[in-house]
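See structure below.
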Amino acid sequence: MSGSTTLAGTVGAAAQVVLVAAGSPLLVGVMRQVRARLEGRAGAGVLQPWRDLRKLLRKEAITPHGTGPVFRAAPLVLAATALVAAGVVPIATTESPLDGAADLFAVTALLALGTVALALAALDTATAFGGMGASREMTVLALVEPTILMSVFALSVPVGSTNLGAIVNSTLHEPQRVVSPVSLLAAVALAVVVIAETGRIPVDNPATHLELTMIHEAMVLEYAGPDLALVEWASAMRLTVLLGLVANLFAPWGIAGADSGWVALAALPLALAAFAAKVTLLGGALAAGEVFMAKLRMFRVPELLAGSFVLALLAVAASFFLA
Amino acid sequence: MTSVTGAALSASLGASVLAASAGAVLPRRIRPVAAGIGTAAAGAAAVVAGVAAMTGRSWSAWLPELLPLAGVRLAVDPLGGLFIAVTGAVAVCAAVYGVGYARPADGHGGHGLDGRTVQAVLPLFVAAMLLVPAAASVSTFLVAWELMALASLLLVVAEHRHRESVGQAGLWYAVMTHLGLVAILAALAGLAAAAHGESFDRMRAAAEGMSPAVRGAVFVAAFAGFASKAGIVPLHVWLPRAHPEAPSHVSALMSAAMVNLGVYGIVRVGFDLLGGGPRWWWLLVLAAGAVSALYGILQAAVATDLKRLLAYSTCENMGLVLVGLGAGGLLVTADARPLAALALTAALLHVVNHSAFKTLLFLAAGSVLRATGLRDLDALGGLRTRMPVTTAMFAVGALAASALPLGNGFVSEWLLLQSLIGSLGEGGTITAVTMPVAVGALALSAGLAVATFVKAFGTGFLARPRTPQAEAAAESPAAMGVGMGAAAACCVALALVPAFTVPGLARAVQVVLPGQDAVAGQVTLRLAAASSTMSPLLIAVGVAVAAAALLALLRFATTWRVRRRARLWDCGMGPMTARMEYTATSFAEPLQRVFDDVLAPETDVNVTPLAESAYLVDSVSYRARVGDRIESRLYRPLIAAATAVGEAARRLADGSVHRYLAYGFFTFTGVLIVLAVTR
């Protein structure tokens, strides 16, 4: 690896962290706006999430009675893991210097660590809602895990590596692989995983106001002010990273690859724009889909996840038998 | 006898004997301290011996006059050294902790643990566990194995005067461990007979030429015996009973050191003495491991007894280790040696990691038990303000056990996954079918482990105390903190720089699988068999840097500097009580419902109506219990059948001397006839 490639990789990684940090509330805004328009409402505009965050940051920090250090640290852990994931995942460049530090397994496990921190914080409040949210979130997390690892398995077989940069680079070099059964099955399975992990309909409803149906919202019920801002922001970043992961695993075009020298650096703005377009498209599609769907009953969710596991298993089988 | 390994091992055994005599003769006041220091010294010396063996300083000795007929034959190679080092490290932590644990707390704890029996037997238990991986002949091995079983049995029943359930647990353990011994005895005796010699060297040399039937029978019998010691489903039933009922530092020794020796036995007999085997052996091992991992963690996920939860988690982790061993064996038959070495390295690293975090978790659970007298998670809670050190220690252990990044469990599970997914193309259809299933089992068990340990830590240590006992908890004595701290330090070191174990593990794997190193790299782990990389240290640094940057950003962006305390959201109904909290049972309820068919929970709702009308409810009682289904479905019928046979056999012995003489006569005549016909 030449010096300028490392430089391009480092700049690219920094740029993608900044893009995710600044752009993720906008993605949430776009998704809300799409939903509002489809439901016949005017909507609050795509900038509304940023306005909300600014408002929350100016508010007083609250420590509810009986909560301890875990409750205080959880938003920080959630946001920190999301930021690290944003630096590792190939968003703008496949040459991130952190690429070798965490492969696809490590990235998904790192995001799970953030969820765990939030679930512990919810239990720490000692309220029924907190416990309920934590219990449901952990159930979904436990059942999602097999699908994640199986999809990773299917994607890594043709490449021989679970490193994200390697997978994306190999898809770039062999674009016909995208339409193979392996890739399509794994894409559907991963899409279900992303919906479950980010708490979207039909697994969870991010806009619900009824505590009894909440998963994610029940966990963060006690957060207010800057803490809540951090949680909301981190959730938006996780959504962006996961959507971006799906987008670039299956349609990596536009990303800055292992080009030598200053070409890579020059390709970065284009890569960032391509990424923003892809994620906006995916997010818009997700929001449009949500309009036509209702939230599933909690105990129907395992069936959905089992279905996605079967798809992932088929993807692995296809990768062996069709290769 | 001049090598470091031999000297350190001899010193360790000597220290154990000294500690045992100190425990037997010294007055009660200084007994725990003296025995504890002696055992810790023995453990430390064993660590030195084990590490020396893992750096290549093998050692062997023959002491013909120590045991009649056979003599004692000892040999420490890197593989045995690994298990000796792990056992020694666990012993150090448990011994230091035991000094504080034996001291009676106000009201509960103590439980006569400073008595002569416990204090004298504990060092002997450690010594026996150190001798097992050092044994180099069948007789030496079996003597050490049985000494280990008897010593641990005495320790399990140490608190039998205080709880009814201890006796039952001891009975289950005694029966299962001896059935296991019978299986191992049969296997090793058969192997020794076929090899015409009982030293391991002799057997290793002769194993090649044996018939496949003999080899297969030896392997299956040895596997059954060793798997029952490792707590592999369906031979695990003693483990979730005996480990919780033992005193907590003994639980740690059993769950973190003794079960490992089951794994050691499988590696030693299957890979080393028999030199590997056909595919079906390893499919058997892999299947047993996968079932054990899933069943163990599922039971742990719905368990409310903290120590029972940890015991089932041991079943899970030993299952994962067996998945690694099975995959390794399978890959050897497919001639994919670099991948096989990776699978074995992952399995052995998981043994080390599991020992580190399970020691820590059992010691922390014991600290809770001593302070509150409670093991029931539904009755605990709020320990974080009352027992901050124990809470922090349990948190480190729980992070490791849930196999998430920043914990050490993640590293070995990552290696294991890499070996499994790398092997899809090797060995044809069999591996192509088994490996995805194994990955699925591994993934589901990892996911359930996260839920399990969130439950254990979140309901047991966070939130508010649910009972007065939990409310009155106080932090444990310093010696217990030091014991836990040592285990926690091992966990952190293994989590951040796991590479320091790699050279030793590679030598241990090379004992059974000569070849290249499977894992390389100092900060970033690189694999010889696949191009995946991962760096636990960089991930940790990344998270820390990101968190620090966020803190700075928050400080810059927010205007308020003081946090205001406020009421919790109670729907406007007034202050919330501890009874409104989610308990461990309610936390696990969704999972219990999802896995209803496997767990078959028993619920019992009893509605008592008022005398005046059947429609007015006076009281409702609800009882739910998740039993071990394998125990009730597999073992109960067996026990009932054995009892029935026993009852029937009583009719044969009705006290009549004539009848007994007739038995003798007919048996003798029968034998003569058989001999006459066959000769």
Side-chain angles (χ1 to χ4, degrees), chain A residues 57-58 60-66 68 70 76 79-81 83-84 98 100-103 105-106 109-110 112-113 116 119-120 123-128 131-132 134-136 138-139 141-146 149-150 153 156-157 160-163 166 221-222 226 298-299 302 313 316-317 320, chain B residues 384-385 402 404-406 410 414 417-418 421 424-425 432 436 439-440 443-444 446-448 450-451 454 457-459 462-464 524 530-535 538-539 542-543 546-547 550-551 554 557-560 563-569 576 578 580-582 586-587 589-591 593-594:
Chain A
L57 277 176
R58 285 177 185 165
E60 200 179 0
I62 304 281
T63 303
H65 284 309
V70 173
L76 213 56
T81 52
L83 274 180
V84 173
L98 285 173
D103 65 341
F105 287 136
L110 199 57
L113 182 66
V116 164
L120 286 176
L123 283 170
D124 196 28
T125 61
T127 64
M132 195 186 291
S135 157
R136 290 174 180 174
M138 284 301 112
T139 305
L141 181 98
L143 299 177
V144 158
E145 199 77 357
L149 296 201
M150 204 58 88
F153 190 174
S156 69
V157 167
S161 170
T162 51
N163 279 28
L221 212 53
E222 294 300 333
M298 177 68 196
F299 290 103
L313 194 60
V316 173
F320 177 73
Chain B
R384 83 173 126 59
T385 48
S402 50
L404 288 172
L406 314 189
F410 177 70
W414 185 82
L417 270 172
Q418 291 293 347
I421 69 169
L424 188 73
V439 169
L444 187 57
L448 288 171
V450 173
V454 165
F457 183 64
T459 60
L462 304 180
R464 273 194 275 171
T524 304
S531 58
S532 308
T533 57
M534 200 265 293
S535 168
L538 279 184
I539 294 178
V543 171
L550 283 169
L551 264 184
L554 269 187
T558 55
T559 42
W560 296 77
R563 296 179 74 93
R564 186 162 66 83
R565 305 187 66 78
R567 273 171 66 194
L568 290 160
W569 167 237
M576 307 227 273
M580 297 177 187
E581 282 178 70
Y582 247 48
S586 38
F587 186 90
E589 200 269 351
L591 280 174
R593 232 201 258 199
V594 171

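All chains are named by letter (A, B, ...) in the order of the sequence lines, taking the proteins before the strands, and each is independently numbered beginning at 1.
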Nearest non-hydrogen partners of [X] and [Y], listed with the distance:
X        : Y        : answer
B/Thr524 : A/Gly100 : CG2-O, 3.6 Å
B/Tyr582 : A/Ser135 : CE2-CB, 3.8 Å
B/Leu550 : A/Ala79  : CD1-CB, 3.4 Å
B/Ala566 : A/Ile62  : CB-CG2, 3.5 Å
B/Phe587 : A/Gly131 : CD1-O, 4.3 Å
B/Pro436 : A/Leu313 : CB-CD1, 3.8 Å

Contact winner vs chain A - [options], heavy-atom pairs under 4.5 Å:
options                      : value
B/Ala546, B/Pro405, B/Ala451 : B/Pro405
B/Met534, B/Arg567, B/Met576 : B/Met534
B/Thr558, B/Leu538, B/Leu406 : B/Thr558

Measure the spacing between [atom1] of [X] and [atom2] of [Y] and express it to the nearest 0.5 Å.
X        : Y        : atom1 : atom2 : answer
A/His65  : B/Leu568 : NE2   : CG    : 7.5 Å
B/Arg565 : A/Thr63  : CZ    : OG1   : 6.0 Å
A/Asp124 : B/Thr459 : CG    : OG1   : 12.0 Å
A/Met150 : B/Ile421 : CE    : CD1   : 11.0 Å
B/Glu581 : A/Thr125 : CD    : OG1   : 8.5 Å

So which part of [X] gets closer than 4.5 Å to some heavy atom of chain A, the side chain, the backbone, both or neither?
X        : answer
B/Ser531 : both
B/Ser586 : backbone
B/Met580 : backbone
B/Leu424 : both
B/Arg464 : both

>> Under a 4.5 Å cutoff for heavy-atom pairs, which residue among A/Pro302, A/Gly68, A/Ala166 has the most contacts with chain B?
In response: A/Gly68
> Quick one: of A/Glu60, A/Glu145, A/Met138, A/Glu222, who has the most non-hydrogen atom pairs under 4.5 Å with chain B?
Replying inline: A/Glu60
Check whether any side-chain heavy atom of [X] lies under 4.5 Å from a side-chain heavy atom of [Y], and answer yes or no.
X        : Y        : answer
A/Thr127 : B/Trp569 : no
B/Phe457 : A/Val116 : no
A/Leu110 : B/Val543 : yes
B/Ile539 : A/Leu98  : no
B/Arg593 : A/Thr139 : no
A/Asp103 : B/Thr533 : no

By a 4.5 Å heavy-atom criterion (distance strictly below it), what part of [X] contacts chain B: side chain, backbone, both, or neither?
X        : result
A/Ala128 : both
A/Leu221 : side chain
A/Val70  : side chain
A/Ala134 : both
A/Leu83  : side chain

> Going by atom types alone, do B/Gln418 and A/Thr162 pair a side-chain donor with an acceptor below 3.5 Å?
Replying inline: yes
